[in-house]
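Since the structure comes first, as structure tokens, the remarks are kept for the end.
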There are 2 protein chains.
Amino acid sequence: MKKKRHELILDFIKNNNVSRQEEIIKMLFEHGFNVTQATISRDIKELKIIKEHFGKNDIRYAVSEKIGNDDNYKMIFTRSAISADATMNIIVVKCYSGTANAACIALDSMNLPGLVGTIAGDDTIFVACKDVNATSHIIGTINSLLKD
Amino acid sequence: MKKKRHELILDFIKNNNVSRQEEIIKMLFEHGFNVTQATISRDIKELKIIKEHFGKNDIRYAVSEKIGNDDNYKMIFTRSAISADATMNIIVVKCYSGTANAACIALDSMNLPGLVGTIAGDDTIFVACKDVNATSHIIGTINSLLKD
DNA sequence: AAATAAAATGTATAAACATTCGTACCGCAG
DNA sequence: CTGCGGTACGAATGTTTATACATTTTATTT
């Protein structure tokens, strides 16, 4: 039953602003589970759920996933970028109009080794790389992102 | 003095396993700051520091990478979006021409609870929400973003 | 199946944390 | 100056969460 309960909890906090364990107890009760706060506390620990401050006056539980975050960036990038080309140590990435900024931030956040800096216009990103070697490495990474 | 204190706190939690606000008080004291737990609580809120479960029996404070990125997202969003309106479980966000896509991606990336899906045209975003309740919550969040 | 070990949970309580309320300290307009 | 609006803070208190210990449930061994 623990498994099912955990699933419910995860689902619940993903789809609602949950800020107290009591709310989870209530939700579980409505789904036929009858557990105490101590159990929820342990569940939260096991599920590695975190409590985050959001906006100015909200606190909410959230699933802690650094990996999930990476995926997020990749998603942003692949949804924004169209193609990439390299000359010397510069890579030029073409994006859909208006998305270069977002794609650029996503790219930056990947912390690619050998990447020196980026600048974004409306639909184009310039990526400055350390040297030709790094350039081919990075464009390889970018192209593999573009494929999915 | 608050600025300096905040810096110390961030530095501290990045480089140590900090699991209680008391530890922060102690550290600050050693650096010449004399504040109470109430202040630390407020600092943690302002700095959007989270408490994460780590390993099997550790809890520690950490800087939420997600939130840091959130700031980026927020920036993209607020620079693109103009206004928002809701009917039933749909929110319509008006953006500057050509920016809806970027704003939409930013919005998606915030992982707002109750948000089911989004779609962007050139200057408009449709946001589908789970129900009316979620809708009002989400438009509240959007409006608070638009204010700054 | 009885005996034993291990996991899951509840109870009660302690610990950790957030918040309310009051005060002090600005910066500034009148 | 004087009063107003805002920020920062401590003390006290309320709220929320974690945990020590006891108990029940489930699995494992013999």
Side-chain angles (χ1 to χ4, degrees), chain A residues 1-65, chain B residues 1-64 66-67 70-71 113 137 140-141 144 147-148:
Chain A
M1 279 298 81
K2 195 168 154 187
K3 192 94 178 285
K4 191 81 187 263
R5 196 180 64 226
H6 280 189
E7 281 170 24
L8 277 171
I9 293 174
L10 286 175
D11 190 63
F12 186 51
I13 65 166
K14 274 182 201 152
N15 293 309
N16 299 276
N17 259 36
V18 183
S19 58
R20 282 159 47 237
Q21 299 184 356
E22 279 296 330
E23 298 173 42
I24 297 176
I25 296 174
K26 188 151 154 278
M27 177 278 290
L28 287 174
F29 183 77
E30 283 161 8
H31 285 258
F33 291 82
N34 205 338
V35 292
T36 61
Q37 178 265 324
T39 298
I40 303 298
S41 176
R42 289 184 276 247
D43 285 349
I44 280 174
K45 182 176 177 176
E46 284 165 29
L47 292 169
K48 298 203 190 306
I49 288 170
I50 62 172
K51 210 177 182 185
E52 68 179 13
H53 295 273
F54 191 71
K56 199 157 170 54
N57 265 312
D58 273 333
I59 298 179
R60 72 177 187 197
Y61 281 110
V63 180
S64 156
E65 267 183 296
Chain B
M1 279 297 83
K2 194 168 154 188
K3 193 93 177 286
K4 191 83 187 258
R5 195 179 66 226
H6 280 189
E7 281 170 23
L8 277 171
I9 293 175
L10 285 176
D11 190 62
F12 185 51
I13 65 167
K14 272 183 204 153
N15 295 308
N16 299 276
N17 257 38
V18 183
S19 58
R20 283 160 44 240
Q21 299 183 356
E22 279 295 331
E23 300 172 42
I24 297 177
I25 296 173
K26 188 152 153 276
M27 177 278 290
L28 287 174
F29 183 76
E30 284 161 8
H31 285 258
F33 289 83
N34 205 337
V35 292
T36 61
Q37 178 264 325
T39 298
I40 303 297
S41 176
R42 286 185 277 248
D43 285 349
I44 281 174
K45 181 174 174 178
E46 283 163 30
L47 292 168
K48 297 202 191 308
I49 287 170
I50 62 172
K51 211 179 181 185
E52 68 180 11
H53 295 274
F54 191 69
K56 198 155 169 55
N57 266 314
D58 273 333
I59 297 179
R60 72 176 185 197
Y61 282 109
V63 180
S64 165
K66 203 163 154 199
I67 299 284
D70 262 8
D71 284 348
H137 216 203
T141 303
S144 79
K147 252 182 285 184
D148 33 60

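Everything numeric here is computed off the predicted structure, so don't read it as measured data. Proteins get letters first, then strands, A, B, ... in listed order; numbering begins at 1 in each.
Counting to the nearest Å, the P atom of C:dC25 and the NZ atom of B:Lys2 are 18 Å from each other. One can place CG of B:Asp43 at 15 Å from C1' of C:dT19, the figure rounded to the nearest angstrom. Atoms CE (A:Met1) and P (D:dA27) sit 12 Å apart, rounded to a whole Å. Taking atom CD of B:Glu22 as the reference point, atom C1' of C:dA16 lies 9 Å away to the nearest angstrom. The NE2 atom of B:His6 sits 14 Å away from the P atom of D:dT7 (whole-angstrom rounding). Put simply, CZ on A:Arg42 is 12 Å from C1' on D:dA22, counting in whole angstrom units. One atom, NZ of A:Lys3, and another, P of D:dT26, lie 17 Å apart when rounded to the nearest Å. Rounded to an integer number of Å, the gap from CD of B:Gln21 to C1' of D:dG10 is 15 Å.
For the side chain to side chain contact (heavy atoms under 4.5 Å, CB included) criterion with A:Gln21, the lone passing option out of A:Asp43, A:Ile40, A:Thr39 is A:Ile40. Applying side chain to side chain contact (heavy atoms under 4.5 Å, CB included) to A:Phe12 and the options A:Asn16, A:Asn15, A:Leu10, A:Ile9 leaves one that passes, A:Asn16.
Within the 4.0 Å cut-off from OP1 or OP2 of D:dT17, not a single side-chain nitrogen or oxygen of A:Ser41 is found. Here B:Arg5 reaches the OP1 or OP2 of D:dC9: one of its side-chain N or O atoms lies under 4.0 Å away. Residue A:Tyr61 places at least one side-chain N or O closer than 4.0 Å to OP1 or OP2 of D:dT17.
Listed here is the closest heavy atom pair of B:Ser19 and B:Ile59: CB-O, 2.8 Å. In terms of heavy-atom proximity, B:Ile44 sits nearest to B:Ile24 at CD1-CD1, 4.2 Å.
For the atom pair NZ of B:Lys2 and CD of B:Glu7, the computed distance is 13.0 Å after rounding to the nearest 0.5 Å.
Rounded to 10°, the helix from C:dA1-D:dT30 to C:dG30-D:dC1 has 20° between the axis fitted to its first five pairs and the one fitted to its last five.
A 4.5 Å side-chain heavy-atom check between A:Leu47 and A:Val63 finds every atom pair outside the cut-off. The shortest side-chain heavy-atom distance between B:Glu22 and B:Lys26 does not fall under the 4.5 Å cut-off. A 4.5 Å side-chain heavy-atom check between A:Ile50 and A:Tyr61 finds every atom pair outside the cut-off.
Using a 4.0 Å cut-off between charged side-chain N and carboxylate O, B:Glu52 and B:Arg60 make a salt bridge.
Within residues 29-39 of chain B, the residues having any heavy atom under 4.0 Å from DNA chain C are, by residue number, B:Gln37, B:Ala38.
Closest contact between the side chain of B:Lys45 and the listed nucleotides C:dA18, C:dT19, D:dA18 involves C:dT19.
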